[in-house]
Amino acid sequence: DSSDMAPVLDYLEEHHADPNETYFGQAEGRNVVFIHLESMQQFLMNLSLIEEDGVQREVTPFLNSLYNSSDSYSFSNFFHQTSQGKTSDAELLVDNSLFGLPQGSAFTQLGAENILHSGPQLLKSKGYTSAVFHGNVGSFWNRDNVYKSMGYDYFFSSETSYTLNEENSLEYGLKDKLFFQESVQYLEKMEQPFYSKFITVTNHFPFPEDELNTVFDIPDTTDQTINGFFNTVHYADQALEEFFQYMKDAGLYENTMFVLYGDHYGISNSRNRTLAPLIGKNPNQWNDYENTMLQRVPFIIHAPGIGTGKIDDTYGGQVDVLPTVLHLLGVETDSYVQVGQDLLSDEHDETVVLRNGTVITPEYTILDNFVYDTDSGRILTADLDADTDLTKEVLALKETGQVQLNMSDQIINGDLLRFYSPANFTPADKESHSYLNSPA
Ligand code: GP9
Ligand code: MN
């Protein structure tokens, strides 16, 4: 009930990271374009492979150009925090600064009746309109219901805006290049500033070989899934480059802040040993520490013209995206219920918790009873019951992670946002959207 909200608010007051003056409001008034990069992992950044013709080529040349740009805040130690809800968990994390649930998908359990304080709804009072673009059926992951609670004004899906057929689509929807090409006409007509999200699909397991996609002479491992992955990743990178060109042609590029994130791993742990040599790792020294390190995903905020960009090695995760973005837009977050922290804040705590309870800091990687040195992978202890300075420190970090997860779970499970409303906030008007009449 409503009294459950008090401890959450106490936690948030203590946990809040104040914005850094240097970055606060740097992108004020800009459009925001989130790009949900299906199954993209951080090891792809600046990775080159030798193709069949013997020439060394970058797998993601366009993403790399964004990653290395002085107009980008790029993060090299950024982790996905998803679980069984996969894509939908990543969406929940990014739009709400709340975790998905330990089991199942929060999206499918949530309904249009839940109260959420999501990015699109919070920004309404700042004059933002909002939209999601996804070349698949709107009911997948219960999106058509949950987006109403999140306050999205428009949802462009295959029901409203894209015609799918055998040639133009794969298992999870419209191929990325066609998806971006068709989407810009709708984006152009939206009132500015807008908060929008593009959910890509082509780089999805099983990473199918396809006429349209065969563009990279794929590495020839014994695992077709890995080979295919590099192929669809490369295709997605080209699609992205085309999208940026459409944005320039539409005159929308300069005044937009692009927020790109990988949603979760594409290559599962059972395949990582085969992947290892391609990314400069030793397959014979493979363990859960190595698997955990591969849960890094790209996170790039690209704001044309800012010039103060950097590759930031701060440790963080998807739960930190919304406060980071809001602060760049010049929106204070101290009265909002967000369990993440601005990654650009000096007060940001570099204790990252994954949904399974694994904790990663710049110093320690804590997996069950094992503590590894994060840089080297050396085991520091295999016994958390031993009473040492190290175990005391590590247990406290584990607790920090657990509390963050618990707070988030309490908010979702108790629908606690019913009992608290930040200043200037009006809950989403769910009746006003059918999502069948998105602007054409
Ligand atoms: C489907 C797509 C796939 O609409 O977003 O999601 P995933 O399988 O990655 O959760
Ligand atoms: Mn996904």
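Both ligands and their constituent atoms are indexed starting at 1 by order of listing.
- Separation of the F243 and F179 ring centroids does not fall under the 6.0 Å cut-off.
- At a cut-off of 2.8 Å, S39 is not counted among the residues with an N, O or S atom near the Mn ion (ligand 2).
- Residue contacts with ligand 1: T87 is placed with a nitrogen or oxygen under 3.5 Å of a nitrogen or oxygen of the ligand (distance criterion only).
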Steps toward ring-ring contact (aromatic ring centres under 6.0 Å, His included) verdict (F34, Y195): CA-CA 8 Å; F34 285 90; Y195 176 110; 5.0 Å; yes
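- Summary of contacts: the protein heavy atom closest to atom 4 (O) of ligand 1 is H134 NE2, 2.6 Å.
- Side-chain contact check for T87 versus E38: some heavy-atom pair is nearer than 4.5 Å.
- On a distance-only criterion, Y172 and ligand 1 share no N/O pair closer than 3.5 Å.
- If you number the atoms of ligand 1 from 1 as listed, the ones under 4.0 Å from a heavy atom of W141 come out as 6 (O), 7 (P), 10 (O).
- When you scan the N, O or S atoms of E38 for the one nearest the Mn ion (ligand 2), you land on OE1.
- Nearest protein heavy-atom contact of atom 5 (O) of ligand 1 is R143 NH2, 2.8 Å.
- Using a 4.0 Å cut-off to heavy atoms of F140, the atoms of ligand 1 that qualify are 1 (C), 4 (O).
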Verdict with supporting geometry, Y289 and Y372, ring-ring contact (aromatic ring centres under 6.0 Å, His included): CA-CA 7 Å; Y289 159 82; Y372 299 86; 5.3 Å; yes
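- Listed by atom number, the atoms of ligand 1 under 4.0 Å from H264 heavy atoms are 9 (O).
- Near E38, with a cut-off below 4.0 Å to any heavy atom, the atoms of ligand 1 are 9 (O).
- Between D429 and K148, none of the side-chain N atoms (NZ, or NE/NH1/NH2) sits under 4.0 Å from a carboxylate O, so this pair counts as no salt bridge.
- With respect to E290 and R273, no salt bridge is recorded, no charged nitrogen being found less than 4.0 Å from a carboxylate O.
- The cationic group of K86 lies under 6.0 Å from the six-membered ring centre of Y265 and within 45° of the ring axis, placing it in a cation-pi geometry.
- In terms of protein heavy-atom proximity, atom 8 (O) of ligand 1 is closest to H204 NE2, 2.7 Å.
- Between F198 and H36, a ring centre-to-centre spacing not shorter than 6.0 Å is recorded.
- Considering the Mn ion (ligand 2) as centre, the angle to OD2 of D263 and to OG1 of T87 is 90° (10° rounding).
- Put simply, H36 stays out of reach of the Mn ion (ligand 2), with no N, O or S atom under 2.8 Å from it.
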Worked verdict on F258 versus Y253 for ring-ring contact (aromatic ring centres under 6.0 Å, His included): CA-CA 9 Å; F258 297 86; Y253 175 71; 5.8 Å; yes
